[in-house]
Amino acid sequence: MTAVKPIKNSRETGESVRAPLLSKVIADMDPDRRLFIIDLGGLRSGTLHRLAEFRCRLDVLDFDVQGPKPKDDADPLDELRTRLNQRLPDARGETADLLLCWNYLNYFSTTQIELLMASLLPRLSERAAIHALIESSAPDMPGTPAPMAIADHDHLLTWSDPSEDAASVRVPAPRHSSDGLTACMPGVVADQTMLLGTGQKEYLFRRR
């Protein structure tokens with residue numbers, strides 16, 4: 001694992017969500033081979049525990065996102081580019097096997113997703129998988145991405161910000177479509193999708 005300290009006092013208790021596509025990806029990983037995973041979210045103990053059986057490099061970007069930005073506004077693009085440059089560790093000659101987007105793509109415009117993927121795709125191997133959860137039915141969503149972690153072999157855990165003010169903020173959900181996502185992710189195809197009980201769609205993207 002990368003040498004990053006876990007977040008102190010994180011409350012990893014909340015709603016358990018079955019995530020069959022991510023579960024299958026991890027189940028198919030070879031425990032005898034070194035793995036490299038890029039995680040857009042924060043460092044979570046549940047995720048670390050699930051990956052403990054692997055020899056694994058985990059690059060945690062810990063993005064702080066404040067809701068979706070206008071599609072054609074240049075400032076959010078500059079901000080995103082700057083944050084990527086600051087948070088992406090050196091590749092050190094390695095390419096990643098898995099990119100964990102969690103629920104973060106809901107908080108980016110399609111233009112921002114295109115910039116994000118243009119920066120991250122060169123870091124991924126030809127066999128890499130990209131996993132994401134997309135709001136597909138709810139008209140709104142929390143103002144910031146709910147923290148997520150791998151709970152066990154079949155489930156993800158999601159929980160809300162414990163502060164009352166943060167919990168009350170809702171923003172419109174962009175409800176990105178499959179065609180819209182693949183259009184802003186050149187070189188990537190939606191390999192599998194699954195509608196979850198939460199109303200979210202679980203996506204597994206692959207390199208073309």
In terms of heavy-atom contacts, Ser137 and Gly199 come closest through OG-O, 3.2 Å

Distance-only donor-acceptor check, side chains Glu202 and His131, under 3.5 Å: yes

Inter-residue atom distance Leu116.CG - Leu80.CG, 0.5 Å rounding: 6.0 Å

Using a 6.0 Å cut-off, check whether atom CZ of Arg18 has over 12 heavy atoms from anything other than its own residue. no

Are Met194 and Ile130 joined in one hydrophobic group, where the rule is that I, L, V, M, F, W and Y side chains link up if heavy atoms are under 4.5 Å apart? yes

Between Glu94 and Arg34 (salt bridge meaning N to carboxylate O under 4.0 Å), is one present in this structure? yes

With a 6.0 Å cut-off (strictly less than), is the heavy-atom count around CG of Asp90, excluding the residue itself, greater than 12? no

Indicate whether any N or O donor in one side chain lies under 3.5 Å from an N or O acceptor in the other, for Tyr203 and Ser178. yes

State plainly whether the residues Asp32 and Arg55 are in salt-bridge range, i.e. N to O under 4.0 Å. no

Checking side chain to side chain contact (heavy atoms under 4.5 Å, CB included) for the pair His155/Val17: CA distance, chi angles, key distance, verdict? CA-CA 5 Å; His155 291 78; Val17 179; 5.9 Å; no

Look at the side chain of Tyr107 and the backbone N and O of Thr144, then say whether any donor-acceptor pair between them is shorter than 3.5 Å. yes

Applying side-chain contact (heavy atoms from CB on, under 4.5 Å), can you list everything that pairs with Glu126, at least two apart in sequence or on another chain? Arg207

Working to the nearest 0.5 angstrom, can you tell me the gap between Arg57 CZ and Asp97 CG? 11.0 Å

Quick one: list whatever passes side-chain contact (heavy atoms from CB on, under 4.5 Å) with Ser136, sequence neighbours left out. Leu195, Lys201

Could you grab the distance from atom NZ of Lys24 to atom CE of Met29, nearest 0.5 Å is fine? 11.5 Å

Does Leu133 belong to the same Ile/Leu/Val/Met/Phe/Trp/Tyr cluster as Val189, with side-chain heavy atoms less than 4.5 Å apart forming each link? no

To the nearest 0.5 Å, tell me how far Leu98 CG sits from Arg127 CZ. 11.5 Å

Contact check, side chains of Val60 and Ile38, non-hydrogen atoms, under 4.5 Å: no

Rounded distance [0.5 Å steps], CE in Met141 versus CG in Asn103: 8.5 Å

CZ-CG distance between Phe205 and Leu21, expressed to the nearest 0.5 angstrom: 11.0 Å

